[in-house]
Asker: 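Once you've had a glance at the structure underneath, I'll fire off some questions.
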Amino acid sequence: MAITLPEYEVARLYQNSLVIYKVIEFPPRKTDRQKENEKNLTRGQFNGYLSVKGKSRIKKILSPWLNSVIEYRKAKAKIVVPKRPYLTFITLTLPAAQKHNDCEIKRVALNYFLINLQRRYNVQQYFWICETQKNGNLHFHIIVDSYIKWQSVRELWNVSIEKLGYVSAFEVEHKHRNPNSTDIHKIQNLDSIESYVMKYVSKGGGERVIRGKIWDCSKDLKKLKPYETVIDTETAALINKISHSINFRKFEDEKITVFSGDILGFTSVHSREIYRKLLTHWSECFKEIYLPKPKSNQDRPPIESEKVQYIRSINKASPQLEIDCPF
DNA sequence: AGGAGACATTACGCATCGTT
DNA sequence: AACGATGCGTAATGTCTCCT
């Protein structure tokens, strides 16, 4: 007599892709096979490049953050927050040949740079990722949520790297101390912020392995999760429409189905209800990171995905809150 | 083009000092 | 206040397997 285990399909919605996968709940039990597998674990050795999992994790974080800020700005600021975020994309380079190891660059220069972005320019949330240039130098892509003048960024970064002597090294060759070591621009009016950013994140190989962490971000961002929903009638209807549209590319194997294309735009036209839920999720993400934190010891509960809510509802039916306007 | 889970190591985030 | 320094806590990181 077979036991039926809770099994259901989940849809995850990004701005530019929709992922469908199956969730099977089973009791946590370590098989002998699993124990054997664990012998092969590398125990925290960094291999020097961005793994598939890392890339996936980055998308899970950046998608809700960037989209929530963009939607917030579009919505004429109904939510009152102390800081009105403004997305900025910064690139940092070393103006002379790298003489220190990667960890030292990050610990001394990048760390100083990030701390001072927060202190001087009211940066609250940030994300960074590093890669190597053709010349072997490490360089960084950073996203922050403040407007900062390019001169200020350059000045701050040059101070940061001079702690390791890179401005002086530059001066020897170029006879001045103001290297153009940074690039900065606003993130705006892009069809897909996700594609744009993930392009930087996953530009492939790199010239050499990188020591230490490849990427990181502010603490709050790590709490964010993309919108997920158990596939109900409504979601199934949307998926059906998407699968019949010529505007999406489809990838499918036995475990997963992925549709790539303008999911957000399509949903806004073909399923107002799911569109609303998606925006609501992003607005919750927004509040989570930009509303002042409660002072007391009681932490606010983490955002619950629909998946979690669904699992709860199996045990206990609970009324759903209707939110009037997400942003 | 997935997710979860196994987990030791340690790089990095950031709160909190101390100093000016 | 502003900023440098420090120390502690946290989570990123690798690979592999199963998907009851």
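Below, chains carry the letters A, B, ... as their sequence lines are ordered, and counting in each starts from 1.
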Asker: Would you write the dot-bracket representation of DNA chain C, where each base gets (, ), [, ], | or . depending on whether it forms a Watson-Crick or G-U pair under 3.5 Å and with which partner?
Answerer: |||||||||||||||||||.

Asker: Taking the six-membered ring for Trp, are the ring centroids of F266(A) and F248(A) within less than 6.0 Å of each other?
Answerer: yes

Asker: Could you say whether W215(A) or S56(A) is positioned toward the 5' end of DNA chain B, judged by the nucleotide with the nearest heavy atom to each?
Answerer: S56(A)

Asker: Hey, is the side chain of K219(A) poking within less than 4.0 Å of OP1 or OP2 on dC14(B), counting only N and O atoms?
Answerer: no

Asker: Return the nearest nucleotide to the side chain of I214(A); candidates are dT13(C), dC12(B), dC14(B).
Answerer: dT13(C)

Asker: Return the CD1 to OH distance between I90(A) and Y126(A), rounded to the nearest 0.5 Å.
Answerer: 12.5 Å

Asker: Could you tell me the separation between the CG atom of L224(A) and the P atom of dA11(C), rounded to a whole number of Å?
Answerer: 13 Å

Asker: What pairs of nitrogen or oxygen atoms, one from the protein and one from nucleotides 18-20 of chain B, lie under 3.5 Å apart?
Answerer:
none

Asker: Quick one: which of Y275(A), Y227(A), F286(A) gives a ring-ring contact (aromatic ring centres under 6.0 Å, His included) with H281(A)?
Answerer: Y227(A)

Asker: Salt-bridge test for R154(A) and D183(A): reply yes if a basic N is under 4.0 Å from a carboxylate O, no otherwise.
Answerer: no

Asker: Looking only at the side chains, is there a donor atom on one of S146(A) and K83(A) sitting less than 3.5 Å from an acceptor on the other?
Answerer: yes

Asker: Does the side chain of D145(A) pick up a donor-acceptor pair with the side chain of T88(A) at under 3.5 Å?
Answerer: no

Asker: Going by ring centres under 5.5 Å and near-parallel planes (under 30°), is Y21(A) stacked on dG2(B)?
Answerer: no

Asker: Rounded to whole Å, please give me the gap between NZ in K250(A) and C1' in dA1(B).
Answerer: 13 Å

Asker: Once you apply a heavy-atom cut-off of 4.0 Å, does Y126(A) come out as touching a base, just sugar-phosphate, or nothing?
Answerer: sugar-phosphate

Asker: Are the side chains of Y14(A) and K59(A) in touch, meaning some heavy atoms are under 4.5 Å apart?
Answerer: yes

Asker: Under 4.5 Å between any side-chain heavy atoms of E228(A) and Y21(A), yes or no?
Answerer: yes

Asker: To the nearest Å, how far apart are L117(A) CG and dC3(C) C1'?
Answerer: 14 Å

Asker: Just how far, in rounded Å, is P of dG13(B) from CG of D216(A)?
Answerer: 5 Å

Asker: Classify the side-chain pair Q133(A)/T93(A) by whether it contains a donor and acceptor separated by less than 3.5 Å.
Answerer: no

Asker: Among dC14(B), dA1(B), dT13(C), which nucleotide sits nearest the side chain of Q118(A)?
Answerer: dC14(B)

Asker: To the nearest angstrom, how far is N122(A) atom CG from dA1(C) atom P?
Answerer: 16 Å

Asker: Would you say Y112(A) ends up clustered with F127(A) if hydrophobic residues are merged whenever their side chains have heavy atoms under 4.5 Å apart, either directly or through other cluster members?
Answerer: yes

Asker: Is any side-chain N of the basic residue among E273(A) and R276(A) closer than 4.0 Å to the acidic one's carboxylate O?
Answerer: no

Asker: Would you kindly give the NZ-to-P distance between K223(A) and dA12(C), to the nearest whole Å?
Answerer: 13 Å

Asker: Which part of the nucleic acid, if any, lies within contact of S17(A), taking any heavy atom under 4.0 Å across all strands shown: a base, the sugar-phosphate backbone alone, or nothing?
Answerer: nothing

Asker: State which of dG13(B), dA1(B), dC12(B) makes the closest approach to the side chain of L114(A).
Answerer: dG13(B)

Asker: K222(A) has an atom NZ; how far is it from atom C1' of dC14(B), in whole Å?
Answerer: 10 Å

Asker: Considering just the side-chain nitrogens and oxygens of W128(A), establish if one lies under 4.0 Å of OP1 or OP2 belonging to dG13(B).
Answerer: yes

Asker: Let me know which of I142(A), L156(A), L92(A) forms a side-chain contact (heavy atoms from CB on, under 4.5 Å) with T182(A).
Answerer: L92(A)

Asker: Under 4.0 Å, counting only non-hydrogen atoms across every strand here, what does T257(A) touch: a base, just sugar-phosphate, or nothing?
Answerer: nothing

Asker: Tell me, with the steps shown, if H176(A) and F170(A) meet ring-ring contact (aromatic ring centres under 6.0 Å, His included).
Answerer: CA-CA 8 Å; H176(A) 70 90; F170(A) 171 87; 5.0 Å; yes

Asker: In whole angstrom, give the distance that lies between atom CG of L221(A) and atom P of dT10(C).
Answerer: 18 Å

Asker: Check nucleotides 4-9 of chain C against the protein and report each pair of N or O atoms closer than 3.5 Å, with its distance, or say if there are none.
Answerer:
| unit_1 | atom_1 | unit_2 | atom_2 | d |
| --- | --- | --- | --- | --- |
| dG4(C) | OP1 | Y112(A) | OH | 2.4 |
| dG4(C) | OP2 | Y112(A) | OH | 3.3 |
| dG4(C) | N7 | R119(A) | NH1 | 2.8 |
| dG4(C) | O6 | R119(A) | NH2 | 3.0 |
| dA5(C) | N6 | R119(A) | NH2 | 3.3 |

